[in-house]
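Note on naming: letters A, B, ... go to the chains in the order of the sequence lines (proteins, then strands), and numbering restarts at 1 for each one.
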Amino acid sequence: MELDTGNTAWILASAALVLLMTPGLAFFYGGMTRSKSVLNMMMMSFGAMGVVGIIYVLWGYSMSFGPDAFGEGKAGLFGNPFHYWALHGLMPDDDAANGFANSLLGANGVPSLVAVGFQLTFAIITVALISGAIADRVKFSTWLVFTGVWVTLAYFPLAHMVWGGGFLSGNPGGLAAKLFGLNDDGTTAVAPIDFAGGTVVHINAGVAGLVLAIIIGKRKGFGKEPMKPHNLTLVMLGAALLWFGWFGFNAGSAGAANGAAGLAWVNTTVATCGAMVGWLIIEKLRDGHATTLGAASGVVAGLVAITPAAGNLTPVGSIILGVVAGGVCAMAVSLKYKLGYDDSLDVVGVHLVGGLIGTIGIGFLATGTGLFYGGGIKQLIVQIVIALAAVVISGVVTTVIGLVLKSTMGWRIATEDEVEGIDVVVHGEQAYDFETSGSGHGVLSASLSKSTAPSEVNA
Amino acid sequence: MKLITAVIKPFKLDEVRAALLAFGVQGMTVSESSGYGRQRGHTEVYRGAEYTVELLPKVRLEILVDDADGDDVVDVIVRAARTGKIGDGKVWAVPVENVVRVRTGERGTEAL
């Protein structure tokens, strides 16, 4: 296969788009927290970038897309972490006269190193998504350790199972092949569909958020004290950045600059429009107001739902999926008050519920194989099975990691620190300087310590 | 001397200030404040969770005047601040024992 510069350029651009989603998420989540904890919320996203980005090139890519640890071609649970350790084997041959022209090429004539960059950004955003469920109350050190352990034990294996030819892929040795058998040519009769990460990213992060919210416990005052979003303009900015970045996520997942990418782009847009409208309609009917936070949340719910389906639906099917996702997620975010878990920023209500709607919705709406398109019920069953498998895998792994960290490092900051505000206590900073007087002096609230004050000239 | 305190609707501040200036009041202290009286707060809904906001934003004026002007200044404020709708606020006056101008040390009505 020859290097395809068009495809390569698009995947490079997509990788940058997806990386932008994580700072976007920091704004989206940060605006929803109280003003005393916005910096910690943003730092959970940026911290995930630091840890996961490093791990990804060391063993993450190898565990996700390397040869199966159970044997080359087997439909196993994770890739061999040492095969492409530190991207060994993907770098250009040093002895070759033409240098990078010799880079290992992956699918569609895109160098594997470009695929590494693209996939790295997915791992980062998935881990960062979880942070919204445990806002305002978690030790930063424990969070950083969790990001590294969880991405290794939950994300890379699931990515391998779904996208790397593992247990939940269309591999003839995989789960779907066991359900409905093989075609005459040896391929899986009904292959699971997860275009850009309904299972790997959203169900995975949503379940992890739910498990951690339960293990870590509620914020002090949850359900009694008001905990309303402190800055909805930040939330809107974050939603806008997420939507923009998501074009890399979904249209980039076509793997090429072609019509399939175009279909994913259009489906991503119309599903998101539908979900925003769906969310606002539910709010208007139920609460009397169509809210800004509802619009931003509907946007994200739609983006989540269309993620696994973007390559396999018609635009009309995408609109239907989006409206359903927006409406259902608008109702699902109230579950935490009834069931009593403090999923602070609704990772469960948006990402788990939206991810399930998208992944299972494929079974109804996929062109050709979906129930509504005359494809029978087999695709629907396969989609339900891989969604449930993702729920179980993520649930079990996250429970183990969460409990071990609880009994070793501990998750919670002290209650009085939580009340005072995690920003000041954990990071030594305040997001907003409310005390400074109009003159900008702020003499009542702060003075420079000796070490930072400029020494007096005539001392 | 009297201290006149007025709690009014924020958007009425400019009109009240202009009216007081026309009357001859030379200075005042203004601060943003919040509270409620007969006008109650409102509700807000975030992702279906309802919050009742009890306190409403108001502006608080404090003005020191000579005894003889007390009633007139109160009338000026009330006329300028009134919309006729609930939530217009309140104005009250209390006697003041002494006032000192910090710069000069003048006391009593000289310091007004």
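- For B:Tyr46, the parts lying under 4.5 angstrom from a heavy atom of chain A are both the backbone and the side chain.
- Residue-environment remark: CZ (A:Arg412) exceeds the threshold of 12 foreign heavy atoms within 6.0 Å.
- Crowding of B:Arg107 atom CZ: a count of heavy atoms from other residues, nucleotides or ligands under 6.0 Å not exceeding 12.
- Within 6.0 Å of atom CG in B:Asp72, more than 12 heavy atoms from other residues, nucleotides or ligands are found, so the atom counts as buried in its surroundings.
- No more than 12 heavy atoms of other residues, nucleotides or ligands lie within 6.0 Å of CZ in A:Phe27, so this atom counts as exposed by the packing criterion.
- Formation of a donor-acceptor pair under 3.5 Å by the B:Arg47 side chain with backbone atoms of A:Met331 is not found in this model.
- Counting non-hydrogen atoms of other residues, nucleotides and ligands closer than 6.0 Å to OH of B:Tyr36 gives a total of 12 or fewer.
- Residues A:Lys228 and B:Val53 meet the side-chain proximity criterion, which asks for heavy atoms closer than 4.5 Å.
- With chain B as the partner, the residue from A:Ala330, A:Gly294, A:Gly288, A:Pro226 showing the most heavy-atom pairs under 4.5 Å is A:Pro226.
- Only the side chain of B:Glu44 comes within contact range of chain A, with at least one heavy atom under 4.5 Å from a heavy atom of that chain.
- In this structure, chain B has no heavy atom under 4.5 Å from any part of A:Ile282.
- With a 4.5 angstrom heavy-atom cutoff, A:Thr291 touches chain B only via side-chain atoms.
- By the 6.0 Å contact criterion, CD on B:Glu62 is enclosed, its count of non-hydrogen atoms from other residues, nucleotides or ligands being greater than 12.
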